[in-house]
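Since the model is a prediction, treat every value here as computed from it, not as a measurement.
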Amino acid sequence: MAQTPQEVLQMIKEQNIQIIDLKFIDMPGIWQHCSFHVSLIDEDVFTDGIAFDGSSVRGWKAINNSDMTMVPDPTTAWIDPFMEEPTLSMICSIKEPRTGQPYERCPRVVANKAIEYLTSTGIGDTAFFGPEPEFFIFDSVAYQSSMNTGYYKVDSSEGLWNMGREEPGGNLGYKLRNKQGYFPVAPLDTYQDIRTEMLLTMAKCGVPIEKHHHEVATGGQAELGIKFSTLVAAADSVMTYKYVCKNVGRKYGKTVTFMPKPLFGDNGTGMHTHQSVWKDGQPTFAGDQYAGLSQTALYYIGGLLKHAPAVLALTNPSTNSFKRLVPGFEAPVNLAYSQGNRSASVRIPLSGPNPKAKRLEFRCPDPSCNPYLAFAAMLMAGIDGIKNQIHPGEALDVDIYELSPEELAKVPSTPGSLMEALSNLEKDHDFLLAGDVFTEDFIQTWISYKLDNEALPVNIRPHPYEFELYYDI
């Protein structure tokens, strides 16, 4: 993979590339792109950027102040596998063309500032993140919401609900039961070839790959394993991951969704996120405390748990997120830490004697998040814990389901809705403002956008299940 502008330009020349596709992420977390002829791309573009109109990008500029500049990162260059014309793709950060300064509402800029702040504190100079995005592969989806109707329907040939369906050639009965989708072999697992193509295609796009497998839920839930990397590179990988999965799925006539809870009554989709902080090439999370952690790591956990109710407004930023965060589906609803308890929001994975493998896993996030913002928020909470020596308390190593109601009531839990998470973010976000990583303008814009465009519109609409409950009252 290219590392410098010169190497990218050489790649363009050697492969006779005519079209360069520049991608950037909007505030909610969707890639946008514009394709440029090769004649517009030179070495200066990698420092000066290339201009575009940002007025129609969600959460960004007003139309009377809409000029923006996208600056490609040469380390993100890859040949797009889904374009008929050979096309070089690069991921961009955004800057203000008038001042030349990084644009404070660009999520990738926020992520880079988080690393700069980490370095400035002396706590560390590198943050490694290892995300585990899950998703569903469906055969079809239909949905509509209007004044007099509201419905959705997803379907999968693997779905338990199709056990009695008439199928061409006869129904062979290989359907996955609820909660029995983890690691089955064919013929129950029908998505092996699709996942393999997704994984190998990601590798061609520069994502460091590990494995793939079917996930717990019926109906085509899947996970592709990718290796950890530095914070911004890990967020880049998540965006490439989603892009590849959706487009390979489409090639097979399937639809892919990263919604946290598309199915009722079975496991939802999370993005468990492994993380650690290093300094001068050495891990800072290994030590002689609980589960082989250092005091620094425990303070990091303390900050993450303290600020989690606010952090979830960025790591779990959809109304659907909180339909996953309910007890009974391995959901990490308890704001506690443990080396084995998967219902705790922070888990300490078994890592053996190698101190470089020592890390923590924050299990709350889901892939509806903007990964740049989510990773930056988690890191900022951890840094705040270290700076202020916030101890996380005692580990939660008991079986949650054996606790009495009185004991369980003492364990803090995650917010119950996006509205509640946004309220927590409103009250607790000073830790995000440190080092000017997030700005007050960004936080208030985020809260307003999420309230006005998601939380409130969902709250005021009738729900299909309400008709079952109340229509004949």
- Residues at least two apart in sequence or cross-chain that pass salt bridge (Lys or Arg N to Asp or Glu O under 4.0 Å) with Glu197, listed by chain then number, are Lys251

- Pairs involving residues 424-451, ordered by first then second residue, that meet salt bridge (Lys or Arg N to Asp or Glu O under 4.0 Å) (sequence neighbours left out): Arg105-Asp441, Lys450-Glu454

- Item | Which residues share a side-chain hydrogen bond (donor to acceptor under 3.5 Å, both in side chains) with Asn320, sequence neighbours left out | none

- State which residues pass side chain to side chain contact (heavy atoms under 4.5 Å, CB included) with Asp26; sequence neighbours excluded, sorted by chain then number. Pro28, Ile30, Gln32, Val57, Arg58

- Item | salt bridge (Lys or Arg N to Asp or Glu O under 4.0 Å) partners of Lys254, counting only residues at least two apart | Asp139

- Query: Listed by chain and number, what are the side-chain hydrogen bond (donor to acceptor under 3.5 Å, both in side chains) partners of Asn388, not counting sequence neighbours?
  - Reply: Asp384

- List for me each residue that meets side-chain hydrogen bond (donor to acceptor under 3.5 Å, both in side chains) alongside Asn316, sequence neighbours excluded, and say none if there are none. Asp366

Validation: residues 226-235 side-chain donor-acceptor distances under 3.5 Å, sequence neighbours left out:
residue	atom	partner	partner atom	Å
Ser229	OG	Ala234	N	3.3

- Message: Among residues at least two apart in sequence or on other chains, which ones pass salt bridge (Lys or Arg N to Asp or Glu O under 4.0 Å) with Asp125?
- Response: none

- Tell me, which pairs form a salt bridge (Lys or Arg N to Asp or Glu O under 4.0 Å) where one or both residues lie in residues 343-352, sequence neighbours left out? Arg347-Glu361

- Item | Test salt bridge (Lys or Arg N to Asp or Glu O under 4.0 Å) applied to Lys279 - qualifying residues, sequence neighbours left out | none

- Query: Got a sec, which residues hit side-chain hydrogen bond (donor to acceptor under 3.5 Å, both in side chains) with Asp280, two or more places apart in sequence or on another chain?
  - Reply: none

